[in-house]
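Worksheet: the structure to be examined is printed underneath.
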There are 2 protein chains.
Amino acid sequence: MRMQDIARRLGISAMTVSRALKSDSSVAPTTRAAVLKAIEELGYVPNQIAGSLSSRRSGFAAVLVPSLNNPHFSETVLALGSALQARGMQLLIGNTEYDRRKEAELVRALLARKPEAIILTSDGHDPRILPMLAKAKIPVVEIWDLPARPIQHVVGFSNRIAMRGLIAALIAQGYSRITYLGEADDADTRGASRRLGYCEAMAAAGLGPRLCSIGRPPATMSDGERGLDTVLSAFPDTELVACVSDPLAFGVIAACQRRGWVVPDRLAVSGFGDFEIARIGVPAITTVQIDAGQIGREAGGIIGEAFDALRDLPLAPVIRPVPALPCLRASTMIAR
Amino acid sequence: MRMQDIARRLGISAMTVSRALKSDSSVAPTTRAAVLKAIEELGYVPNQIAGSLSSRRSGFAAVLVPSLNNPHFSETVLALGSALQARGMQLLIGNTEYDRRKEAELVRALLARKPEAIILTSDGHDPRILPMLAKAKIPVVEIWDLPARPIQHVVGFSNRIAMRGLIAALIAQGYSRITYLGEADDADTRGASRRLGYCEAMAAAGLGPRLCSIGRPPATMSDGERGLDTVLSAFPDTELVACVSDPLAFGVIAACQRRGWVVPDRLAVSGFGDFEIARIGVPAITTVQIDAGQIGREAGGIIGEAFDALRDLPLAPVIRPVPALPCLRASTMIAR
DNA sequence: GAGTAGAATGTTATCGATAACATCGTAGGC
DNA sequence: GCCTACGATGTTATCGATAACATTCTACTC
């Protein structure tokens, strides 16, 4: 069924049907009512593919995340989706699985759908995506990090500085034998940045780095459970395990509890990200607070601004930092 | 840039370029190589919107889930995405937020994109979506429940029977003062089914229902933390709190631990879904095991079969039950 | 060497909506 | 009462790829 069919049924032209469906055009109220009624009765659903081709507006925005299982990214995607829905846009989600090559393939596949904006979870990108993005001439927003050479707009925070701040705060609490537990894969630059931040904070305090790694990103609770052994065999005198993320930290704590160890008395543990589990779990987990929803909302806002800006006068690149501050909780609160 | 431009550059026709891009057509190897080279050099990205309109194949499948934050649904979506990617299809994700009206709107919006299949998270549907789905003439798969009147294909399990089985197993363990804690909203039929299963199991043992509710779906860990008070004020003699989901159960356990209560000695707790947290948390949580990934993979498989089946001879409706069995763990293991 | 099969490529029409321009009619100003 | 302006609607061309059919041209058969 096409617009033509609706039109013929009412003795009008397809164009009038088209106009009746987009509320801004000038159509007589009675005509519009008749069109909407006919559409309802016939169960007509417009073909947006044809509409997109003709109007050169796909109604899509594309977002690439490394993982959907991570509650943080899903929350960002959720907030972004809501923000864009207000502008009548659908979100196309691509899952890179922390794989740079996969990201490049997805960028190509998604650009073929002519998105009107694209959101990348900042990470080391395959250089080949840059010309493709440039040619697409659409707003690009990188989220979840502050890249050294931004492509265009950015909403995020420095994973390095945030982790450095957390470790510095913990050192200030009196900890010194702090061991870092992260993922094995360096393609995940967010993980690598956090590790670097840890190293810097340790160095600033005159301490050497104590690095362990387990599993591949994203780090899971199960990785944390196994990770405790790794940490203890490499650095038996560890006082505090600084984990790359909250789920990993939770796993380490669970492993401690299975051994009958009290956290933080026997071993302290910190995470990153302020997942719900960090607030609710017992003990509550010391972490870096990130508002994943805010990142999505801000990114949606920037895309809105970019659309509102004149086409010929594109919006100047926006770099919008979001807070990422240490939050000390019971898992590292020890009287000394 | 269009195919025309590539073609002109090589002195061939656009059609040949089109054929070179889809490997099955007959194009001379040298021609194909030249085309691919030119495309690479020029950074040409085909316009899939035009392609879809012409070929009447959108390359999309649409999936509707009540929530993306729920690790279960995101895992299903992930597995589904991988299964469909193998067939070169992209996944369009819609978030219903447990809202039937929203679901209906999304179905309409997504059908306008001409998906080649649609996956619904089974729930009470708005009746208006049925004619729209019928008209779309595409495979429809309902997942995560066994609806009484399936639309077409189904991959899921009976939430009612699964919960009934879990409660029966717990009663067999010696528990009798079992209080149910779920969400307040009945629009979430999966939650309502689980509650019904609880009631049936209690009735079968000659016990009356003890029902509490907290928050709106999806139940969070925070809801669980607050829920303990609700349960105790309504049924102070409760021995076991049967929660509608694992995160809720985790919250209840956390609240117990904050009170210094030992789970399960002072109060036992059960969940539903076998989330990672149920396995890793201490104590491990008694639950109903569901393989969320399997649901996605099976759904993808059915869609594949439906495509392979002749267009005129559509695949007969497939009802594929997945296991959902009780898994007794430490959170209810008490010597009696 | 005529005939034919089939590989390689070109031509034309089409998918279904919408942009851009054209037309018609009527209300209101002078 | 004529003219203008604009509201309401129609017509035509177009978006960019691909299906379907047409056309070459080569290689091989008998």
Heavy-atom donor-acceptor pair, [X] side chain to [Y] backbone, under 3.5 Å:
X: A/Arg100; Y: A/Tyr98; answer: no
X: A/Glu116; Y: A/Ala61; answer: no
X: A/Ser52; Y: A/Gln48; answer: yes
X: A/Thr76; Y: A/Ala292; answer: yes

Q: Determine, for nucleotides 10-20 of chain C in 5'-to-3' order, which nucleotides have protein heavy atoms under 4.0 Å from the base (write B), from only the sugar-phosphate (write S), or from neither (write -).
A: BB---BBBBBB
Q | Residue pairs, two or more places apart or on separate chains, that pass salt bridge (charged side-chain N to carboxylate O under 4.0 Å, His left out) and touch residues 85-97 of chain A | A |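 For residues 85-97 of chain A, and leaving out neighbouring residues, the salt bridge (charged side-chain N to carboxylate O under 4.0 Å, His left out) pairs sorted by first residue read A/Arg87-A/Asp308, A/Glu97-A/Lys102.
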Q.
Would you call the rings of B/Phe157 and B/Trp144 parallel, tilted or perpendicular, taking 30° and 60° as the class edges?
A.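 B/Phe157 and B/Trp144: perpendicular rings.
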Q) Does D/dA8 have OP1 or OP2 sitting under 4.0 Å from an N or O in the side chain of A/Thr31? A)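 Checking A/Thr31 against D/dA8: no side-chain N or O falls below 4.0 Å of OP1 or OP2.
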Q.
Could you work out how much the helix from C/dG1-D/dC30 to C/dC30-D/dG1 bends, comparing the axis of its first five pairs with that of its last five, to 10°?
A.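 Rounded to the nearest 10 degrees, the bend comes out at 40°.
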Q) Is any side-chain N of the basic residue among B/Glu41 and B/Lys37 closer than 4.0 Å to the acidic one's carboxylate O? A)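 Salt bridge present between B/Glu41 and B/Lys37.
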Q. Going by an N to O cut-off under 4.0 Å, is there a salt bridge joining A/Arg190 and A/Asp188?
A.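 Looking at A/Arg190 and A/Asp188, the cut-off is met.
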